[in-house]
Trainee: 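Please read through the structure below; I'll follow up with questions.
Each chain gets a letter, A, B and so on, in the order its sequence line appears, and its residues count up from 1.
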Amino acid sequence: MNEPNLHLWIIPLLPLVGATINGLLGRHFKNGMVATVALFFTGASFVHAVWAALQGAHLALPHVEEAGNWIWTSSFQAPFGFYLDQLSTVMMLVVTGVGFLIHLYSVGYMAHEGGFYRFFAYLNLFMFFMLTLVLANNYLLMFVGWEGVGLASYLLIGFFFLKDSAANAGKKAFIVNRIGDFAFLIGMFLLIQNFGSLNFGTIFNKLNESSLWPVETSFGVLSVIALMLMIGATGKSAQVPLYVWLPDAMEGPTPVSALIHAATMVTAGIYMIARSSAIFSRAPHTLLIVAIIGCITAVFAATMGMAQTDIKRVLAYSTVSQLGYMFMACGVAAYSAGIFHLMTHAFFKALLFLGAGSVIHAVGGEQDMRRMGGLRKLIPVTFWVMMIATLAIAGIPPLAGFFSKDEILWQASRLPYGHIIFWIIGLITAGLTSFYMFRLIFMTFFGELRLGQVDEGQEAHKANAPAHAQHDAASQSHGHADDHAHSHGGVHESPWIMLAPLVVLAVLSVVGGWVNIPKALGGNQGFANYLAPAIHTPAEIGGEQPGAREVKEEEGERGTELTFTVLSVVVAFAGLGLAWVLYVKRPELPDRITTSIRGMYVLVKNKYYVDEIYNALLVTPLLAISTYVFWRGVDQGVIDGTVNGLGSASKGIGQGLRHMQSGNIRSYAAWVAAGGAAVIAYMIYLGVR
Amino acid sequence: MILTFVTFIPAVGAVLLMLMPRNDKIIRWAALLISLLAFAFSLYLPVHFQNGTSGFQFQVDTRWIGDIHYRLGADGISMWLVLLTTFLVPLSVLVSWKSVHDRVKEFFVLLLLLETAMIGVFLALDMFLFYVFWEATLIPMALLIGMYGHERRIYAAVKFFLYTMVASVFMLAAIIWLYIHAGSFDYTAIQEWLGRPGHPPADVLQWLFLGFFIAFAVKVPLFPLHTWLPDAHVEAPTAGSVLLAGVLLKMGTYGLLRFNVGLFPDQAHHNASWINVLAIIGIIYGALVALVQPNLKKLIAYSSVSHLGFVVLGIFTFTQIGIDGAVYQMLNHGVSTGALFMLAGMLYERKHTYEFGEFGGLATPMPIYATFFLIAVLSSVGLPLLNGFVGEFLVLSGAFQYKMLYGILGCSGVIWSAAYLLWMYQKVFYGPIQHQENRALRDIDLREQLSLWPVTVMALVMGVVSPYWMKAIDPAVAAVNKKAVNAKIEIQKPLNVSENRQ
């Protein structure tokens, strides 16, 4: 068959060209020119992606295109290869589509910032690496994108590098991710050892076409590989225990939080697991670990989200929590549900961040929700799109989040890979999500504007929680650096270039879920069916007929599914209602409650002190050992001490060449001569004997 | 003949320089032209190199003194190391343009003599000739450190000289023993003689192996023989550091591969376990010590200990992929650490210190410099699509196949390197400006940019089109590594593109 050449390589390369132009020449450009370049290349990439997706509909997928070897040795090769299947099609459209919208928004948001060209060069660079990640046809090239998005993230988190907090956050993100990458590399080495290749096609074909690789009943090699890949994913997708970098990443400009730390990069781990479904589905033990980690992350992050007062931090913890859902979906082998939520989440979470950016923009750089309030009337467009996104994430039908979350919860409850416990925790998380999201809405848009006020109660809080006070100071100064050009006086709506992307995303947040309406609600699960060929479920591997489960489902489970759906909607409304009572009807209640559960509240508010624990247990001892044991002890003490002692019984050798005739040097020379002579003598002895 | 030209153009140039009048400007330009000429000649090698063959190419062989021959030859390994040398020397000349203002003539004479010696080390196929070149690198380098270094230069120069000198004596002893018994200094002849069954006995081979090993291990430097390196680097002038890290350390790893593995494969396999342990200690230990250095140049020096640990680990996995990676890592380290030392030197010219406490927030006054620095850092971190990743990945992959634990331990290096290098970058460039006078630091000028562009472009090109280098390296590695460890890889033939298309 003569397959057409889609020139997939162009899709990632276009943003790279944009990044290069802006990176090298941007300093000399006017802002308009920089924006034009950045938008053109991202937009062109989107257009090409859409075209490729349309062409792909007529092709036998997966469709592979290779452009020479990146790494070649006689025993191992990795090509520059691109892989188009249903999964990468979805990812590439989400990345280029949402990416383009965020670029557009950034033109307005960053208009008054220094380093405009730098920002867009980095942003385009990110697009290049992200598209490489999702289009790669082998793990190694995927790893290129994987590390590359980490770099872009590092650069963009640290964009306001004059602040120590921003520089620290960027570095932390990179290093924590490297811990995950360490495991990812080991996973790859194991793949090379067992399959001789890192190409998806080769590996998956070997797995699927031979009976050597059944579903593992014990913790075999595939389980280990899957575990390593999963650890890699926990770094990138901010899961317990490696999630700690993501909240700090909010130091970056808000569009960055939307693009990288919500919609695209952080979902790379989910994508990678779904991509590796042929491996994970054969490793049920690892799947269980994935599900547990996702489940813990979801609920753990949601509780932390409830007590945050920085609008971006609430969204950050929310992202961690939603990523937990996606992880959980993968863990119960419902990969397509995970990818479905990934997509809808990209819409509404990008919208929430961009909306938050619009709010911050409007109130002159303030990020503390306690100083907001009443903005509903002042910035109505922002309010309404934020409202839509909140309804979506809370799981209120018929918005996008309802369908994707409901699908995950339903799958999580089903045996053999799910369990009712996952469902219960997922349900609790859904309630918490709804609560903290509406808390955000009510604190920000309802009540009265409290801009510039700091009441005493909050000061007292700060005194009790120094870490938090520090953070507040940081966020304030951030605000100034971020939006220094805006006046603090009049609250104003953002310009159209920022609002237009918000409206588009709002529409997507409403309709995005309709592509996969569950059968219980009379739909046909179109999205899951579309993805099915790219995904290998355990049932398929176990030799089950694809339809077998369906039939069972027809009979008994419809009713249960419907009940579960109703329950999750009830929980979502309960969260909404509780937030309404606490933050609109009786705004004095939250303080009373926090006082009554003081210890618990402080614990949550300080994010369970996880950062402090990591520092005390890992970072501090490591630095101390390196300094005092290794450097001062071994290097300067033992080794240099021995050598210096050997050479000279008296003075150090630092006294100089003028002593060469008389001092220490001669003793060294003597040692040289003696040692050499001894060895030569021995050699000769060996030779002549 | 081409190899003779490449080797001796710098030396002849050095003689010409000596005859020239003491006009610093002319001397500088002359040195630059000579080093560029040597580079231009060396480009002949990759252009005319027959890929896919494993033997030595471009050979010259004439009798010199008695049994000592003047025999030079290049295979895929040595050719690229020669190119690395001729590539770095012109850049070293450029970075010394203004920083050396005293005894300029002597400086460039030493630099060019050093170049000839370094090239000779990589090309010599006669053991005695090799030893001559090996020792000949010592004197100019020690003088460069001792005459043009910073405050404690004498201490550092002497320490450097003695460490290397003492260790080399053991190699000389081994070479002499081999000559007495094999009746030749010729590499190929000795290799053939050693390969004959039954002689010499295993315990002798072990001593011979160790004789070579100690000389090379000090040069690499392998833990715990590394402590001369930080001192030498901190005190050396910029060009000295660039060539020390960029080329001289590679003489050690080259020697390990060419002589220890090439001549004594059985002993190499025997001793591999402790050597690998030392290499891994070097990787982790070097990185951890780098993490707590208060001094920019010391940090880079310790990072070299860590990076060279990867090279040694790769060599002693005896896997094709691991040694391929090790050789590539030698080249990479030369490029990226060379770049880092050049950058450190530029900062020293402005601030006359390497202490981190004196820096901070420099990205604002020096944005172009900061960008070049970032790329060098990322290349050293091993970011994919820059050169460092390819070598590291192949080495670790080989280590993993050889012994899983080695692969895992070595792999932890990816975390450490990110930690110390990003920490370093932040200390120098990010945060608020700590010292008001730093606001007025001038960004790098055209000459400085000109010296940085080649290494930066090279870091990128070597990260993207590694097969260009590997096609020459791979067969040479296969030839040296005669007793390869049969990797557990199940494929028999190279995968080709069409197979993956289904």
Trainee: So, do A:W72 and B:W469 sit near enough that their side-chain heavy atoms are less than 4.5 Å apart?
Mentor: no
Trainee: Counting heavy-atom pairs under 4.5 Å with chain A, which one of B:V465, B:D231, B:T364, B:T371 comes out on top?
Mentor: B:T364
Trainee: Rounded to the nearest 0.5 Å, what separates atom CG in A:L151 from atom CG in B:L385?
Mentor: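 Here the interatomic distance stands at 10.5 Å.
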Trainee: Relative to chain A, which of B:A167, B:A418, B:S417 shows the most heavy atom pairs under 4.5 Å?
Mentor: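 Answer, by heavy-atom pair count under 4.5 Å with chain A: B:A418.
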Trainee: What option among A:W146, A:F189, A:F80 has the most heavy-atom pairs under 4.5 Å with chain B?
Mentor: A:F189
Trainee: Do A:L140 and B:F389 touch side chain to side chain, with heavy atoms closer than 4.5 Å?
Mentor: yes
Trainee: Closest heavy-atom contact between B:I415 and A:R178?
Mentor: CG1-O, 3.7 Å
Trainee: Can you tell me which portion of B:L374 sits under 4.5 Å from chain A's heavy atoms? Options are side chain, backbone, both or neither.
Mentor: side chain
Trainee: A:F129 versus chain B, heavy atoms under 4.5 Å apart: side chain, backbone, both or neither?
Mentor: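 For A:F129, side-chain heavy atoms alone lie under 4.5 Å from chain B.
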Trainee: Are the side chains of A:F174 and B:L383 in touch, meaning some heavy atoms are under 4.5 Å apart?
Mentor: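 SC-SC contact between A:F174 and B:L383 confirmed.
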Trainee: Give, as side chain, backbone, both or neither, the part of A:N177 having an atom under 4.5 angstrom from any heavy atom of chain B.
Mentor: neither
Trainee: Go through the steps for A:S74 and B:D474 under the test side-chain hydrogen bond (donor to acceptor under 3.5 Å, both in side chains), then give the verdict.
Mentor: CA-CA 7 Å; A:S74 51; B:D474 192 85; 2.7 Å; yes
Trainee: What is the distance from atom CG of A:L185 to atom OG of B:S412, rounded to the nearest 0.5 Å?
Mentor: 11.0 Å
Trainee: Using non-hydrogen atoms only, which part of B:L378 is less than 4.5 Å away from chain A: side chain, backbone, both, or neither?
Mentor: side chain
Trainee: Quick check: closest heavy atoms across B:S466 and A:I71, and the distance to 0.1 Å?
Mentor: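 So the two residues come closest at OG-CA, 3.8 Å.
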Trainee: Measure the spacing between OH of B:Y430 and CG of A:L162 and express it to the nearest 0.5 Å.
Mentor: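 CG of A:L162 is found 10.5 Å from OH of B:Y430.
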Trainee: Over all heavy atoms of both residues, which pair between B:M404 and A:L190 is shortest? Give the atoms and the distance, please.
Mentor: CE-CD2, 4.1 Å
Trainee: Let's test your reading of the structure: which of B:A419, B:A157, B:P200 forms the most heavy-atom pairs below 4.5 Å with chain A?
Mentor: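 Option with the greatest count: B:A419.
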Trainee: Using heavy-atom distances under 4.5 Å, tell me whether A:V634 contacts chain B through its side chain, its backbone, both, or neither.
Mentor: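 For A:V634, the contact with chain B is made by backbone and side chain together.
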Trainee: In terms of heavy-atom pairs under 4.5 Å, which option from B:L396, B:L225, B:L394 contacts chain A the most?
Mentor: B:L396
Trainee: So, A:D164 versus B:Q426: side-chain donor-acceptor pair below 3.5 Å or not?
Mentor: no
Trainee: Side chain, backbone, both or neither: which part of B:W423 has a heavy atom under 4.5 Å from chain A?
Mentor: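 Both parts, heavy atoms under 4.5 Å.
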Trainee: Is it the backbone or the side chain of A:R118 that comes under 4.5 Å from a heavy atom of chain B, or both, or neither?
Mentor: neither
Trainee: Between B:D324, B:I473, B:I433, who has the most heavy-atom pairs with chain A when the cutoff is under 4.5 Å?
Mentor: B:D324
Trainee: Let me know if B:V477 has heavy atoms under 4.5 Å from chain A in its side chain, its backbone, both or neither.
Mentor: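 Neither part, no heavy atoms under 4.5 Å.
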Trainee: How long is the span from the CZ atom in B:F393 to the CZ atom in A:F143, to the nearest 0.5 Å?
Mentor: 8.5 Å
Trainee: Heavy atoms under 4.5 Å from chain B: which residues of residues 618-626 of chain A carry them?
Mentor: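 Heavy-atom contacts from residues 618-626 of chain A to chain B are A:L622, A:L623, A:S626.
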Trainee: Select one option (side chain, backbone, both, neither) describing which atoms of B:I368 are under 4.5 Å from chain A's heavy atoms.
Mentor: side chain
Trainee: What pair of heavy atoms forms the shortest contact from A:W70 to B:V464, and how long is it?
Mentor: CD1-O, 3.2 Å
Trainee: Measure across A:E147 and B:G382 and return the closest heavy-atom pair with its distance rounded to 0.1 Å.
Mentor: OE1-O, 4.3 Å
Trainee: By ring pair (Phe, Tyr, Trp, His ring centres under 6.0 Å), which residues pair with A:F630, not counting sequence neighbours?
Mentor: B:Y285
Trainee: To the nearest 0.5 Å, what is the distance between CD on B:Q401 and CD1 on A:I192?
Mentor: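 Between atom CD of B:Q401 and atom CD1 of A:I192 there are 7.0 Å.
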Trainee: Using 0.5 Å steps for rounding, measure from the CD atom of B:Q293 to the OG1 atom of A:T627.
Mentor: 8.5 Å
Trainee: Check B:K298 against A:W631 and note the closest heavy-atom contact, atom names and distance.
Mentor: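 B:K298 and A:W631 have their closest heavy atoms at NZ-CZ2, 4.5 Å.
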